[in-house]
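Encoded as structure tokens, the structure appears first; notes follow it.
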2 protein chains.
Amino acid sequence: MTYCVGMVLDKGLVLMSDTRTNSGVDNISVFRKMFHWSVPGERILTLMTAGNLATTQAVVSRLEERTKAPSDRQNSLMELPTMFQVAAETGKLLREVIAETQTDNGARGKGRFTASIILAGQIKGMEPRLFMIYPEGNFIEASFDTPFFQIGETKYGRPIIIRGYDRNMSFEDAVKLMMVSFDSTLKANLSVGLPLDLMVIERDAFEPTHERRIEGSDPYFTAISDSWSDALRSAFHSLPDYSFYQPDELA
Amino acid sequence: MTYCVGMVLDKGLVLMSDTRTNSGVDNISVFRKMFHWSVPGERILTLMTAGNLATTQAVVSRLEERTKAPSDRQNSLMELPTMFQVAAETGKLLREVIAETQTDNGARGKGRFTASIILAGQIKGMEPRLFMIYPEGNFIEASFDTPFFQIGETKYGRPIIIRGYDRNMSFEDAVKLMMVSFDSTLKANLSVGLPLDLMVIERDAFEPTHERRIEGSDPYFTAISDSWSDALRSAFHSLPDYSFYQPDELA
């Protein structure tokens, strides 16, 4: 499994992904799931991937034209004029890779080769944008009402994002919120694992404003994980107490 | 979908279930998913069900021998000597009902008729016990290390239970914890819905100590739901702030 979150804030974009891949619980590895390309001063594009690793690696390789000699490679994403076209091109590649693998060659599985992608970025003269791309190649864009996307093991970490997200929040608060969301997920699901990759992209910066790998020993993540337990417990105890003998109205 | 939680505490058992059933989002209804039978002073048994409604209703009907005339009915659960045997008998019925429906009669679906059951109860002279019964008819029992079970849409509401549960907690705190867990789930998934059914069974009481249906207008549930948002936000802000320019060690 996997867990990735992308958020649009007024100030820009914040992205976080885990790095665990597994094929059964006895075959786990660390693979980067966040990839970015930028033309300084002009555009930055970041992908986060969930799903079959062969599929997502194939998509990224094709984006970078790694089938060609290094000197002949040309990443078409770097030339497409709009984020919408970048999303469409990525979706097309994703659908193609899945379709090739899923032809009836005797190895066909039940959706085992599918993948989803979060695409975030900005091209000069336009707004920062965030897309979720489905295995079928179509996609949706984050809007004012749904300003974040999650892929992979999304449920454990969702309630805190729903409650904590605020479009005006600072990058620092958004990172904190993501850390709490990842911590809840890590505690509940073995198939999501440290280290985490973090990227913050300020509006109109066209390069990563802040980029970090958060290892298991990271002191801030450890502090969040420890203090969140205590903070949750205090929050819980601050709630009104239940009584078996309730008046009809508490108000 | 469905959400049900059963917990073992030192003091006894606490159970909560939602009541929403749906077949698509345009066909939702309210059905009770918690059923109990007791012999005062001797035993109490409670079931909570998740999964195909026809399957779970069939299991409960067979337990009560509703195929017979009322005067001939005999609920064998009321006579089995141990909770283990009650779990085995319930599991056997569940497996049979599913197997009958899933025979190749042209209507066979992909696991659409499966169901899971949480069984809780106590028989005189023995401990209160809690089981999770699988569609295959086998089951597991709650232990010191895993003292609660969830069925249905379990993920959204799990992190808070993992962090808040304590074997020594009061019934009132356990109810509060469940309300928070249900509130997080209700906020995230339309297929889990109010009203909720709550039952508290004190050790050696052999009857429900407290039983309530929590409606959408319930003042306590509303208070929890409102104040949990605030409490979570305060908890979040009480965490250490992230800084882009971290020292290598926070400690």
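The figures here come from the full heavy-atom set of this structure, side chains too, leaving out hydrogens, waters and symmetry mates. In what follows, chains carry the letters A, B, and so on, assigned in the order in which the sequence lines appear, proteins first and then strands, with residues in each chain numbered from 1.
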Is it the side chain or the backbone of B:Ser234 that comes within 4.5 Å of chain A heavy atoms, both, or neither?
-> neither
What do you reckon, is CG of B:Leu190 surrounded by more than 12 foreign heavy atoms closer than 6.0 Å?
-> no
Part of B:Leu198 within contact of chain A (heavy atom distance under 4.5 Å) = side chain
Using non-hydrogen atoms only, which part of B:Arg163 is less than 4.5 Å away from chain A: side chain, backbone, both, or neither?
-> both
Top contributor to chain B interface from A:Arg233, A:Met179, A:Arg158, A:Lys187 [non-hydrogen pairs under 4.5 Å] = A:Lys187
Is a side-chain N or O of B:Gln122 found less than 3.5 angstrom from the main chain of B:Asp204, in a donor-acceptor match?
-> yes
Which of B:Thr185, B:Thr222, B:Leu232, B:Thr209 touches chain A most, by non-hydrogen pairs under 4.5 Å = B:Leu232
So does B:Ile140 have more than 12 non-hydrogen atoms from other groups sitting under 6.0 Å from CD1?
-> yes
At a heavy-atom separation under 4.5 Å, does B:Asp230 approach chain A through its side chain, its backbone, both, or neither?
-> neither
Ring geometry between B:Tyr165 and B:Phe148 (parallel below 30°, tilted from 30 to 60°, perpendicular above 60°) = tilted
Would A:Arg32 and A:Glu211 pass as an ion pair if we require N to O under 4.0 Å?
-> yes
